[in-house]
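Everything on this sheet refers to the single structure shown next.
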Amino acid sequence: IARNESKMEEKLDLIKKEAPGIKTMSLVADFSRMFGIAEYETEVAAKLQHLDVAILVINAGVAHRGEFSKVESIGVQDTAVVNGLQYAFMAKVMAKQLNQRIELRGKKAAMIIVSSIRADYPVPGHLMYSASKTFSSYLAEGLNFEWAGKVDVLSYRPSNVYSQMNTGNTNWHDFISAERSAESCLRDLGCEAMTYGDVRHESMSYYLRSLPTRYIQNMFKGLMYNFV
């Protein structure tokens, strides 16, 4: 599910080459323009009812860098809608289908909510991002308890993962590949309510959480306009 159909089809073609014979499906949806849960029911959930959804990964997100008072209003709106409402609405409209899988198939379903290590602290220059990622992480951790025994829910809080959106300084020790990110996340699915995944990201979080919040904020303030 994505807003850019051509890019989505390009990725699906790559999957088909890697796994010949696999069946794929795509839905076009612009989460930044979907403001009500009814849209998710008709544009997403209703179109997935015929499928056996084993793992739902909620990953779409946006980030607008800069001091809160200087970020454009549309940027604040997009971050709240895509990084916040989308996660709650998607989980809600898919809740019944995911929870019924254990009865219909005899197997649990799973849901991964991709949060961020920035949910650990209010990051200057990325306040809306870190606040929204805290929301999504808490949602996943709470659902892990509420849906226990029926759906394995995991909050995934990675640090830097190399992608087209995040091409920052890949010489930093905490940059990992998308493949490594997926591997370390899936490793903890069904075992934890929240994970940082790769040991480099786990150790980064441990280090940062050992420091005073004000110290971390001053550190990121200096990196604000260079940090991706």
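One is the number of the first residue; the rest follow in order along the sequence. Fair warning: this is a prediction, and the values are worked out from it, not measured in the lab.
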Should Trp147 and Lys108 be marked as a side chain to side chain contact (heavy atoms under 4.5 Å, CB included) after you check the CA-CA gap, both sets of side-chain angles, and the distance that decides it?
CA-CA 10 Å; Trp147 294 357; Lys108 290 191 290 183; over 6 Å; no

Note, [X] side chain near [Y] side chain (heavy atom, < 4.5 Å):
{"X": "Cys185", "Y": "Leu154", "result": "yes"}
{"X": "Asp198", "Y": "Pro158", "result": "no"}
{"X": "Glu41", "Y": "Met94", "result": "no"}
{"X": "Tyr40", "Y": "Gln86", "result": "yes"}

Hey, quick one: are [X] and [Y] part of the same hydrophobic cluster, counting side-chain heavy atoms closer than 4.5 Å, chains of contacts allowed?
{"X": "Val81", "Y": "Val93", "result": "yes"}
{"X": "Phe135", "Y": "Leu143", "result": "no"}
{"X": "Leu51", "Y": "Met111", "result": "yes"}
{"X": "Met90", "Y": "Leu85", "result": "yes"}
{"X": "Val151", "Y": "Leu48", "result": "yes"}

Roughly how far, to the nearest 0.5 Å, is the [atom2] atom of [Y] from the [atom1] atom of [X]?
{"X": "Leu14", "Y": "Lys17", "atom1": "CG", "atom2": "NZ", "value": "6.0 Å"}
{"X": "Leu56", "Y": "Ile113", "atom1": "CG", "atom2": "CD1", "value": "8.0 Å"}
{"X": "Ser184", "Y": "Arg200", "atom1": "OG", "atom2": "CZ", "value": "9.0 Å"}
{"X": "Asn59", "Y": "Ser136", "atom1": "CG", "atom2": "OG", "value": "10.5 Å"}
{"X": "Asp152", "Y": "Ile112", "atom1": "CG", "atom2": "CD1", "value": "10.0 Å"}

Quick check on [X]: does its [atom1] atom have over 12 non-hydrogen neighbours (other residues, nucleotides or ligands) under 6.0 Å away?
{"X": "Arg3", "atom1": "CZ", "result": "no"}
{"X": "Arg105", "atom1": "CZ", "result": "no"}
{"X": "Tyr138", "atom1": "OH", "result": "no"}

Where [X] and [Y] come nearest, the two heavy atoms and their spacing:
{"X": "Leu189", "Y": "Ala110", "value": "CD2-CB, 3.8 Å"}
{"X": "Val62", "Y": "Tyr129", "value": "O-CD1, 3.3 Å"}
{"X": "Asn83", "Y": "Ser132", "value": "CB-OG, 3.1 Å"}
{"X": "Thr213", "Y": "Pro122", "value": "CG2-CD, 4.3 Å"}
{"X": "His64", "Y": "Gly75", "value": "CD2-O, 3.4 Å"}

Which one of Ser205, Ser115, Ser159 satisfies the side chain to side chain donor-acceptor pair (under 3.5 Å) criterion with Asp120?
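Only one option passes, and that is Ser205.
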
I need the full list of ring-ring contact (aromatic ring centres under 6.0 Å, His included) pairs touching residues 90-113, with sequence neighbours left out, sorted by first then second residue.
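Residue pairs passing ring-ring contact (aromatic ring centres under 6.0 Å, His included), neighbours aside: none found.
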
Do Arg65 and His126 meet the criterion of a side-chain donor-acceptor pair at a distance under 3.5 Å?
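Distance-only check fails for Arg65 and His126.
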
Evaluate the criterion side-chain hydrogen bond (donor to acceptor under 3.5 Å, both in side chains) for residue pair Ser116 and Tyr156; output intermediate values, then yes/no.
CA-CA 7 Å; Ser116 169; Tyr156 178 40; over 6 Å; no

Under 4.5 Å between side-chain heavy atoms, chaining through other members, with only Ile, Leu, Val, Met, Phe, Trp and Tyr counted: pull out the rest of the cluster around Met128, sorted by chain and number.
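Result for Met128 is Phe68, Val71, Val76, Leu127.
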
Show your reasoning for whether side chain to side chain contact (heavy atoms under 4.5 Å, CB included) applies to Tyr162 and Ile176.
CA-CA 6 Å; Tyr162 182 77; Ile176 63 174; over 6 Å; no

Quiz: residues 20-30 side-chain donor-acceptor pairs under 3.5 angstrom, not counting sequence neighbours:
unit_1 : atom_1 : unit_2 : atom_2 : d
Ser26  : OG     : Glu9   : OE2    : 2.9
Asp30  : OD1    : Ser32  : N      : 3.2
Asp30  : OD1    : Ser32  : OG     : 2.6

Flag, side chain of [X] to backbone of [Y], donor-acceptor distance under 3.5 Å:
{"X": "Asp188", "Y": "Thr195", "answer": "no"}
{"X": "Tyr87", "Y": "Ala60", "answer": "yes"}
{"X": "Thr134", "Y": "Ser130", "answer": "yes"}

Give me each pair satisfying side-chain hydrogen bond (donor to acceptor under 3.5 Å, both in side chains) with a member in residues 93-102, each pair once, sequence neighbours excluded.
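side-chain hydrogen bond (donor to acceptor under 3.5 Å, both in side chains) check on residues 93-102 returns Asp52-Arg101.
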
Going through the checks in order, is the side chain to side chain contact (heavy atoms under 4.5 Å, CB included) test met by Gln77 and Phe35?
CA-CA 10 Å; Gln77 174 181 289; Phe35 302 105; 3.7 Å; yes

Between Glu10 and Lys7 (salt bridge meaning N to carboxylate O under 4.0 Å), is one present in this structure?
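So Glu10 does not pair with Lys7 through a salt bridge.
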
Is the shortest side-chain N to carboxylate O distance from Arg157 to Glu141 below 4.0 Å?
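Salt bridge between Arg157 and Glu141, a charged N being under 4.0 Å from a carboxylate O: yes.
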
Kindly state each residue pair satisfying salt bridge (charged side-chain N to carboxylate O under 4.0 Å, His left out) with at least one member in residues 75-92, sequence neighbours excluded.
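Sorted pair list: Arg33-Asp78.
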
Partners meeting salt bridge (charged side-chain N to carboxylate O under 4.0 Å, His left out) with Lys47 (sequence neighbours left out)
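Testing Lys47 for salt bridge (charged side-chain N to carboxylate O under 4.0 Å, His left out), a comparison that skips the adjacent residues, returns Glu43.
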
Before you tell me yes or no, could you show the steps for Phe31 and Ile1 under side chain to side chain contact (heavy atoms under 4.5 Å, CB included), namely the whole-Å CA-CA distance, both residues' side-chain angles and the distance that decides it to 0.1 Å?
CA-CA 10 Å; Phe31 295 125; Ile1 305 173; 3.6 Å; yes

